[in-house]
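The next block holds one structure in the form of structure tokens; read it before the comments.
All values reported here derive from a predicted model rather than from experimental measurement.
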Amino acid sequence: MIRNDTHFWSPAHSDGLSESDLSKIHDTIKKRNLYHIPRLNFCCDCLERIEDDDFRSGCNSCGKQWHLRCIPSSPAVINHPFHAYHPLELLIDVPPEHSKGKCDACKEELKSYFYHCSLCNFSMHVRCSRNPPPPKVKTSKCHERELFCMVRNDTFTCNACGTHGERCPYVCAPCGVMFHRECIDLPHLININRHDHRVSHTYSLGFGNWKCMICHKMVDWRYGAYSCSTSPDYVVHSKCATRVDVWDGEELEGVPEETFVVSPFREIEKGLTIEHFSHKDHFLIKIDEEDDILDGSIRCEACVRPIFSETHFKCMQCECDDFFIHETCSNLPLRKRHWLSTKPFYLNANKDESKSLFRCDACETTSNGFKYESEGPEGVLSLDMRCAFVISSVSLECHTHTLFLTTMDRGTCGGCKVSEKYVLRCTESQCDFSLCLACATLPKKIKRKGDEHFLFLRHGEKASGKYWCEVCEAVLDPHEEWFYTCDVSGVTFHIKCVVGEFPNAKPGFTYHYHCVLGEDPALMYARYHRPVQGEKAEKIELVHNNRITRPNCATCGSRCLRPLILKLKLVNTYEFHGLSSCIASLSSYGGLLAPVAVYP
């Protein structure tokens, strides 16, 4: 049932939602998996979904809707037990400049309608005024005794989370403890996505200099926090551990811990031979560093990076002599937790070659090696091997401080200068350096095919002039750009000219068209055209760009300079070479994906 009004009592009522509100609504849709519902209505005050059978009120001028519980029934002044000193006046649309902008009851942002006391700078949502906190709580998770709500404007420190509170704590006078209303029922035992073991809540860590392993700020040992019994030094703030992007929302007290075998191989001969889950047909033999010095022409099946002199395993059977895997990659756990999802990730050997190309949801880089997958409300999330082990921090020579993943907020990468969804941040004071996952997982050293020496990743060199890239022959600014250089010969290269568009992909595989180009509706004909008898089917192959003469791009006319390119064969057409971005711009087929060269 809906009641229509014209902007209620506010002539200045705004018609649009802010970007912050739209982002919160989108997060709700993802969290509750509401994509399949054709028509969704959200309350413009609490930003929660208005169910089909909910009573609501709507504005016939702008189309906005509200829960009836979120709007006032009249523009009256009220007296409320949560603020008994003065009456509360109804305000609409915009909080006063002197206010904190948040509800003093639930701590959420003030939106369309709220009550306010200008003398005390006290504000409260309409919905919170109709649901005041209970005067006492007989049973709670935070304390064994009965708690009473002290209706006072006194500041306090919550004994459960250690953070500041401003008014109306729940107190136990005999014990001298105070709690936020929202901390009364903090869970005792939980899983978080930054740690592989369960963490439990404690009301005192004991004396020491503790640091939160999520936000990397100090934890006051006198107040409550979460810690791990398996790793005693692992400590997390109560507020950080129960963030929606960290905790899956499940209380595990009384739930037996699940046993899961995470070892990916069975040892056949100790220190020499193993049977790996990804290659059960044959045993793998260990090759030590001094036994086999390689030129990087072979690649690891898991991380798809070149193998040089590192210890690795290889299959000795003649029919599969191209199976190699780093020793470290052979020991990847079959299940792990990661900050990208509150659900666990499971290792997938990704052996279906025609569909193996995937995009990592953390760094958005294309790969065809092993991957970790997690089922979430928004679908399957995938991680390549590099990002899977960026759990919370990374140390790089390009920055003097360790970088941490403290929040899920966007940031501008200090390496590529691009705004990215996920970035690692420096937590040192006076340092706002951030780094995206793609830059954080770049190889620190790499060797180009045919080169004698390694190239090393560099940044911020003090040079008198500019450098020149040996591949594209363009200017390279060593003060601002990241680049690769040879310490012996001194040659320099742009990052993209060395690693290319597919730094985490292994060449030599043929893919279905849409695995590379995505789900663009403009590609429908090229992708779903069924070849008749005598026609060749479409295909895309990832190949080395090692021709004597590099191919020209059919779109921009430039030479394809990257080390790996796409070899594209459409139905009854020419054969194209190039990167995914230029292929996507071929107008005759609605777009293909980077520079494309054409050969008749």
Side-chain angles (χ1 to χ4, degrees), residues 16-32 34-35 42 47 101-102 108-109 111 192-194 212-217 237 239-247 337-343 345 358-367 372 374 376-384 386-396 398-399 401-442 459 480-482 495-496 501 503-504 518 581:
L17 289 172
S18 67
E19 289 188 11
S20 174
D21 290 350
L22 292 173
S23 177
K24 290 178 181 178
I25 289 174
H26 183 253
D27 289 343
T28 301
I29 293 174
K30 286 175 61 178
K31 185 177 180 180
R32 297 177 59 186
L34 302 176
Y35 295 102
F42 285 85
L47 301 181
K102 291 186 177 181
E108 294 293 325
E109 185 181 358
K111 295 293 181 183
I192 61 175
N193 61 8
R194 309 298 180 91
C212 174
M213 299 306 290
I214 294 180
C215 70
H216 293 274
K217 296 179 180 179
H237 284 127
K239 292 292 187 182
C240 293
T242 52
R243 277 172 22 191
V244 294
D245 61 299
V246 174
W247 175 41
R337 293 191 175 273
H338 193 271
W339 49 262
L340 192 64
S341 174
T342 56
K343 303 298 181 183
F345 282 80
F358 69 95
R359 190 173 294 274
C360 173
D361 287 297
C363 67
E364 298 185 345
T365 300
T366 303
S367 179
Y372 279 96
S374 176
E378 64 275 12
V380 178
L381 295 173
S382 298
L383 286 169
D384 64 25
R386 297 284 170 168
C387 290
F389 287 88
V390 180
I391 301 299
S392 61
S393 65
V394 64
S395 296
L396 296 170
C398 64
H399 192 67
H401 308 131
T402 301
L403 304 177
F404 300 96
L405 188 104
T406 56
T407 70
M408 302 296 278
D409 299 331
R410 293 188 71 92
T412 300
C413 174
C416 61
K417 315 300 181 187
V418 176
S419 176
E420 296 288 356
K421 189 175 182 181
Y422 308 116
V423 293
L424 297 152
R425 304 173 192 275
C426 182
T427 59
E428 297 293 326
S429 60
Q430 309 302 319
C431 183
D432 58 354
F433 184 81
S434 300
L435 197 65
C436 71
L437 274 298
C439 290
T441 55
L442 285 170
H459 169 261
E480 299 294 333
E481 294 183 63
W482 287 27
I495 298 290
K496 285 295 184 182
E501 189 185 13
N504 297 333
S581 53

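- Counting heavy atoms from C-beta on, the side chains of L403 and F433 come closer than 4.5 Å.
- Counting only heavy atoms from C-beta outward, the side chains of H338 and R194 never approach each other to under 4.5 Å.
- Taking the side chain as every heavy atom from C-beta outward, L437 and V390 approach each other to under 4.5 Å.
- With hydrogens and angles disregarded, no donor-acceptor distance shorter than 3.5 Å links the side chain of R425 to the backbone of F404.
- To the nearest 0.5 angstrom, C439 atom SG is 9.5 Å from K417 atom NZ.
- Scored by the salt bridge (charged side-chain N to carboxylate O under 4.0 Å, His left out) test, R243 finds D245 as partners (sequence neighbours excluded).
- One finds the OH atom of Y372 at 13.0 Å from the SG atom of C387 (value rounded to the nearest 0.5 Å).
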With side chain to side chain contact (heavy atoms under 4.5 Å, CB included) as the criterion, how do T427 and T406 come out once you've worked through the C-alpha distance, each side chain's angles and the decisive distance to 0.1 Å?
CA-CA 9 Å; T427 59; T406 56; 3.8 Å; yes
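- Counting heavy atoms from C-beta outward, V246 and I214 have side chains that approach closer than 4.5 Å.
- Here T441 contributes atom OG1 and F389 contributes atom CZ; the two are 13.5 Å apart, rounded to the nearest 0.5 Å.
- Annotation: the span from F358 atom CZ to T366 atom OG1 amounts to 9.0 Å, rounded to 0.5 Å.
- A 4.5 Å side-chain heavy-atom check between L340 and Y422 finds at least one atom pair inside the cut-off.
- Across all their heavy atoms, S341 and L381 have their closest contact at CB-CD1, 3.7 Å.
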Apply side chain to side chain contact (heavy atoms under 4.5 Å, CB included) to residues C360 and S367 and explain how you reach the verdict.
CA-CA 7 Å; C360 173; S367 179; 5.9 Å; no
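- The backbone N or O of C240 sits nowhere less than 3.5 Å from a side-chain atom of W247 that would complete a donor-acceptor pair.
- Judged by distance alone, the side chain of D361 and the main-chain N or O of S382 form a donor-acceptor pair under 3.5 Å.
- Considering only heavy atoms from C-beta on, L435 stays 4.5 Å or farther from V423 through its side chain.
- Between the SG atom in C436 and the CG atom in L442 there is a gap of 8.0 Å [rounded to 0.5 Å].
- When side chains are defined from C-beta on, D384 counts as touching C363, because their heavy atoms get closer than 4.5 Å.
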List the steps, then state whether side chain to side chain contact (heavy atoms under 4.5 Å, CB included) holds for C426 with D432.
CA-CA 6 Å; C426 182; D432 58 354; over 6 Å; no
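- Note that CD of E428 is 4.5 Å distant from NE2 of H401, once rounded to the nearest 0.5 Å.
- Counting all heavy atoms, side chain and backbone alike, T342 lies closest to V244 at CG2-O, 3.7 Å.
- At most 12 non-hydrogen atoms from other residues, nucleotides or ligands lie less than 6.0 angstrom from NZ of K217.
- Using a 4.5 Å heavy-atom threshold, the side chains of M408 and L405 count as touching.
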One pair to check against side chain to side chain contact (heavy atoms under 4.5 Å, CB included): E420 and E364. What are the steps and the verdict?
CA-CA 10 Å; E420 296 288 356; E364 298 185 345; 4.3 Å; yes
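- In terms of heavy atoms, W339 sits closest to A362 at CH2-CB, 3.9 Å.
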